[in-house]
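Throughout, residue positions are numbered sequentially from 1 according to the sequence presented. The model shown is predicted, which means the values in this text are computed figures rather than measured ones. Both counts, for ligands and for their atoms, begin at 1 and track the order of listing.
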Amino acid sequence: MVDCPTRTMKHLFGMADLTAADIYHLLEMGESMASINRRNIKKAPTLRGKTIINLFFENSTRTRTSFEIAGKRLSADVINISASTSATKKGETLLDTAQTLAAMQPHALVIRHSVAGTCEFLAEYLDNTVIINAGDGAHEHPTQVLTDLLTIQQSLGDIAGKTMTMVGDIAHSRVARSHLVAAKIMGYHVRLVAPKTLLPAQVERYGCEVFHDFDAAIPGSDMIYMLRVQNERLASSCSFPSVREYHEAFGLHRARQALAGDHCLIMHPGPMNRGVEIATDVADSLNSRVLNQVENGVSMRMAVLTHAINAKPVAAVAAVEEGDDDED
Ligand code: CP
């Protein structure tokens, strides 16, 4: 993570801010946090006295809620602000809003915004607050990828050497971009499957394989990672002809899942468009890890908040947490 100049805290803008050692450390912390989330009393004192502001300028169910739960389970004070309730509605600039909130001395701002690079931009002006990227335009979504890595590790062990086949609207996906960066750091292979209209220019520079035939990409995949297709894009663009044809060529349905074999995990960051990029019976199948990804989102965001705000060795965190729970 990037050092925050005036405190011993670290920003998280994208996956390149992390080394492989950082990621393994966060995954270890995430496993430790997962045990808190499975207890009856889901509370640890790790971030007691810390203040976290979730500042979301785009819709979110999973990321916003899991950051809120993560902060609260670690005893932080958590405040949620959305675009619809912020003074940006009255014409205040994003920078004025962020500086106003930073003047209230929070320890962290968790930010989602539709513009790529928002977090880095704000960090230039906010000396005293750690910034965590909760998704910036089509740029990056690092905490989603950390969540995915924990989910994969729990089912398949070490991610190094595994093959992820990622399918759908790659061009507009911040999750895809973060995985492409993470794959280089952690040593996993990414195959991208999409129509040419939904691939970014020069995507091969990430060292991934590119396919336009989904069936050809499936053999040897350890996980198939489906990406959301925006229905509004289907209606208004010529990226592909129709929902039915998209589902046939690039959707994951039962016949295609059978090609992948029993070992292959099915993943999706959500929200899913059932019947478009993924069939309902596949989304709900035994190999689907969609809800595990959601559950791990809380654990990994607990790990990221702890690491960013209040770095502590994993063993120390676990010891405090075990001592704190006298119910189980
Ligand atoms: N995966 C993800 O970012 O979902 P939300 O938009 O619901 O936060």
Side-chain angles (χ1 to χ4, degrees), residues 12-15 26 30 34 37 52-73 78-86 108-119 131-152 154 164 166-182 190 198 223-233 252 265-274 276-278 282-284 288-305:
L12 179 59
F13 303 139
M15 292 307 293
L26 286 167
N37 291 325
I52 297 163
I53 299 181
N54 292 328
L55 181 56
F56 275 60
F57 290 96
E58 268 191 343
N59 294 342
S60 169
T61 298
R62 280 147 283 267
T63 312
R64 198 204 61 76
T65 310
S66 59
F67 264 114
E68 180 176 359
I69 292 174
K72 287 180 172 171
R73 287 192 180 163
V78 182
I79 291 92
N80 296 307
I81 299 175
S82 68
S84 59
T85 57
S86 82
L109 279 176
V110 177
I111 299 175
R112 171 169 286 192
H113 201 280
S114 59
V115 175
T118 295
C119 294
I131 294 180
I132 297 171
N133 183 3
D136 60 332
H139 180 222
E140 285 232 27
H141 195 353
T143 60
Q144 177 66 51
V145 167
L146 291 168
T147 294
D148 297 340
L149 296 182
L150 181 61
T151 306
I152 293 163
Q154 287 170 344
M164 171 183 284
M166 184 170 265
V167 189
D169 187 355
I170 312 290
H172 301 95
S173 174
R174 50 197 172 208
V175 176
R177 200 172 304 271
S178 286
H179 265 297
L180 287 167
V181 178
V190 178
L198 291 181
M223 43 260 169
I224 296 180
Y225 198 109
M226 302 306 297
L227 294 170
R228 185 172 82 92
V229 171
Q230 295 167 25
N231 283 317
E232 64 275 20
R233 199 184 311 282
L252 187 56
L265 306 182
I266 307 302
M267 303 180 75
H268 193 306
M272 292 185 285
N273 282 321
R274 290 170 182 263
V276 183
E277 71 270 7
I278 190 164
V282 176
D284 300 335
S288 171
R289 292 294 179 274
V290 173
L291 292 178
N292 305 77
Q293 289 171 269
V294 175
E295 180 180 351
N296 285 328
V298 176
S299 306
M300 282 315 294
R301 286 168 182 129
M302 290 165 80
V304 165
L305 288 170

Could you check ligand 1 for N or O atoms lying under 3.5 Å from protein N or O atoms and list the pairs with distances?
from: ligand 1; atom 1: 1 (N); to: Gln144; atom 2: OE1; distance (Å): 3.0
from: ligand 1; atom 1: 1 (N); to: Pro269; atom 2: O; distance (Å): 2.8
from: ligand 1; atom 1: 1 (N); to: Gly270; atom 2: O; distance (Å): 3.3
from: ligand 1; atom 1: 3 (O); to: Thr63; atom 2: OG1; distance (Å): 3.0
from: ligand 1; atom 1: 3 (O); to: Arg112; atom 2: NH2; distance (Å): 2.9
from: ligand 1; atom 1: 3 (O); to: His141; atom 2: NE2; distance (Å): 2.9
from: ligand 1; atom 1: 4 (O); to: Arg62; atom 2: NE; distance (Å): 3.1
from: ligand 1; atom 1: 6 (O); to: Arg112; atom 2: NH1; distance (Å): 2.9
from: ligand 1; atom 1: 7 (O); to: Thr61; atom 2: N; distance (Å): 2.8
from: ligand 1; atom 1: 7 (O); to: Arg62; atom 2: N; distance (Å): 2.9
from: ligand 1; atom 1: 7 (O); to: Arg62; atom 2: NE; distance (Å): 3.1
from: ligand 1; atom 1: 7 (O); to: Arg62; atom 2: NH2; distance (Å): 3.3
from: ligand 1; atom 1: 8 (O); to: Ser60; atom 2: OG; distance (Å): 2.6
from: ligand 1; atom 1: 8 (O); to: Thr63; atom 2: N; distance (Å): 2.9
from: ligand 1; atom 1: 8 (O); to: Thr63; atom 2: OG1; distance (Å): 2.6
from: ligand 1; atom 1: 8 (O); to: Arg112; atom 2: NH1; distance (Å): 3.4
from: ligand 1; atom 1: 8 (O); to: Arg112; atom 2: NH2; distance (Å): 3.4

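Contact check for Thr143 versus His141: side-chain heavy atoms found under the 4.5 Å cut-off.
Annotation: Asn59, atom CG; neighbour count of heavy atoms from other residues, nucleotides and ligands within 6.0 Å does not exceed 12.
With sequence neighbours left out, Arg73 forms a side chain to side chain contact (heavy atoms under 4.5 Å, CB included) with Asn37, Lys42, Ile69, Val298, Met302.
Between the side chain of Thr65 and the backbone N or O of Arg62, no donor-acceptor pair lies under 3.5 Å.
Test Thr151, Ile266, Leu265 against Met223 for side chain to side chain contact (heavy atoms under 4.5 Å, CB included) and you get one pass: Leu265.
With Phe67 as the aromatic partner, Arg301 meets the cation-pi criteria of under 6.0 angstrom to the ring centre and within 45 degrees of the ring axis.
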